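Structure first, then comments.
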Amino acid sequence: MPVLTTERLRLDELTDDDLEDVAAVLGDPEVMRFYPAPLDRAGAQRWITRNRERYAELGFGLWAVRTHDGAFLGDCGLTVQHVGGRDEVEVGYHLRTAAQGHGYATEAARASVALAHERGIERVTAIVDADNLPSQRVALRTGLQLERVLDHAGRTTHLYATGAAAECASRVARGGR
Ligand SMILES: CC(C)(COP(=O)(O)OP(=O)(O)OC[C@H]1O[C@@H](n2cnc3c(N)ncnc32)[C@H](O)[C@@H]1OP(=O)(O)O)[C@@H](O)C(=O)NCCC(=O)NCCS
């Protein structure tokens, strides 16, 4: 049973059987150019294990993104990240390079955010490097808005959030506090 189904995609919990595919995507320097380093095979295995712990602890994590006929495209889903001094639910996505440019990340991210809302999680963020323009475009197309720019892990980072405009407006109404 997939966790989520969209028009073109299915999102499934990752298992150890996905190691080859995950290692290929997260071992690609191009996909990982905004991360400290690409993951080696052991790193990819730890990453799958970490997401399986998230499914058990939180009921969500990053899931495998596949076409309906089973082709592995990458991952997308929800995690909790500490950013700007607080824990935030973040929608994340990584696609193998050949799968980019088809709208798959946006389709998967929209479904992930909708699932978060269904589960009562109102606020979903995306924490994106200031230079990562493709990811910023995914965040915007997913309906998130730029809330603020901050330093995160030593990098200038954009924090996108659902409802950011409303939050901004209420901050203005409160006199900027
Ligand atoms: C971030 C990332 C997932 C974005 O991938 P992407 O393919 O650009 O995003 P989408 O899958 O939503 O595809 C959108 C693009 O496909 C195009 N497209 C083509 N056919 C489409 C269709 N049928 N439907 C929708 N969009 C389509 C869109 O025009 C858009 O192009 P544009 O951004 O140049 O305007 C990808 O760059 C990536 O994996 N990067 C490395 C990992 C990473 O940095 N992750 C984010 C960390 S914060």
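Just so you know, ligand 1 is whichever comes first in the structure, and atom 1 is the first atom listed for that ligand. Keep in mind the model is a prediction, meaning the values are calculated, not measured.
- Counting heavy atoms closer than 4.0 Å to ligand 1, residue R8 contributes side-chain atoms (C-beta onward) but none from N, CA, C or O.
- For E122, the CD atom sits in a loose shell: 12 or fewer heavy atoms of surrounding residues, nucleotides or ligands are nearer than 6.0 Å.
- Neither L150 nor L146 shares a network with the other; the hydrophobic side chains, linked directly or stepwise wherever heavy atoms of I, L, V, M, F, W or Y lie under 4.5 Å apart, form separate groups for each.
- Nearest residue to atom 38 (C) of ligand 1 from H94, R33, Q100 is Q100 (criterion: closest heavy atom).
- In this structure, the separation between CZ on R137 and CG on L133 is 6.0 Å, given to the nearest 0.5 Å.
- Separation of the F34 and H94 ring centroids does not fall under the 6.0 Å cut-off.
- Closest to atom 7 (O) of ligand 1, if we only count protein heavy atoms, is G101 N, 2.6 Å.
- The nearest heavy-atom contact from the protein to atom 31 (O) of ligand 1 is R141 NH1, 4.4 Å.
- A salt bridge does not link E57 to R52: none of the charged side-chain nitrogens sits closer than 4.0 Å to a carboxylate oxygen.
- Between the side chains of D87 and Q81, no donor-acceptor pair of N or O atoms lies under 3.5 Å.
- The nearest protein atom to atom 8 (O) of ligand 1, hydrogens excluded, is given as P134 CB, 4.1 Å; this is a heavy-atom distance.
- A salt bridge links E147 to R123: one of the charged nitrogens lies within less than 4.0 Å of a carboxylate oxygen.
- At a heavy-atom distance under 4.0 Å, no atom of D129 approaches ligand 1.
- Atom 9 (O) of ligand 1 has V138 CG2, 3.5 Å as its closest protein atom, hydrogens excluded (heavy atom only).
- Within a 4.0 Å radius of atom 28 (C) of ligand 1, the protein contributes no non-hydrogen atoms.
- No hydrogens or angles considered: a donor-acceptor pair under 3.5 Å links the side chains of T6 and E107.
- The distance from ligand 1 to the heavy atoms of I127 drops below 4.0 Å at these ligand atoms: 48 (S).
- For the 3.5 Å distance criterion, the side chains of R141 and T106 qualify, holding a donor opposite an acceptor.
- The protein heavy atom nearest to atom 12 (O) of ligand 1 is T106 OG1, 2.5 Å.
- Shortest contact from atom 32 (P) of ligand 1 to any protein heavy atom: R137 NE, 3.7 Å.
- Inspection of the S135 and Y93 side chains reveals an N or O donor paired with an N or O acceptor under 3.5 Å.
- Of the candidates Y35, F34, Y93, the one placing a heavy atom closest to atom 45 (N) of ligand 1 is Y93.
- Regarding atom 13 (O) of ligand 1, its nearest protein heavy-atom neighbour is G103 N, 2.9 Å.
- Interface atoms of ligand 1 facing Y104, defined by a heavy-atom separation under 4.0 Å, are 10 (P), 11 (O).
- If you check which protein heavy atom lies closest to atom 3 (C) of ligand 1, you get A105 CB, 3.6 Å.
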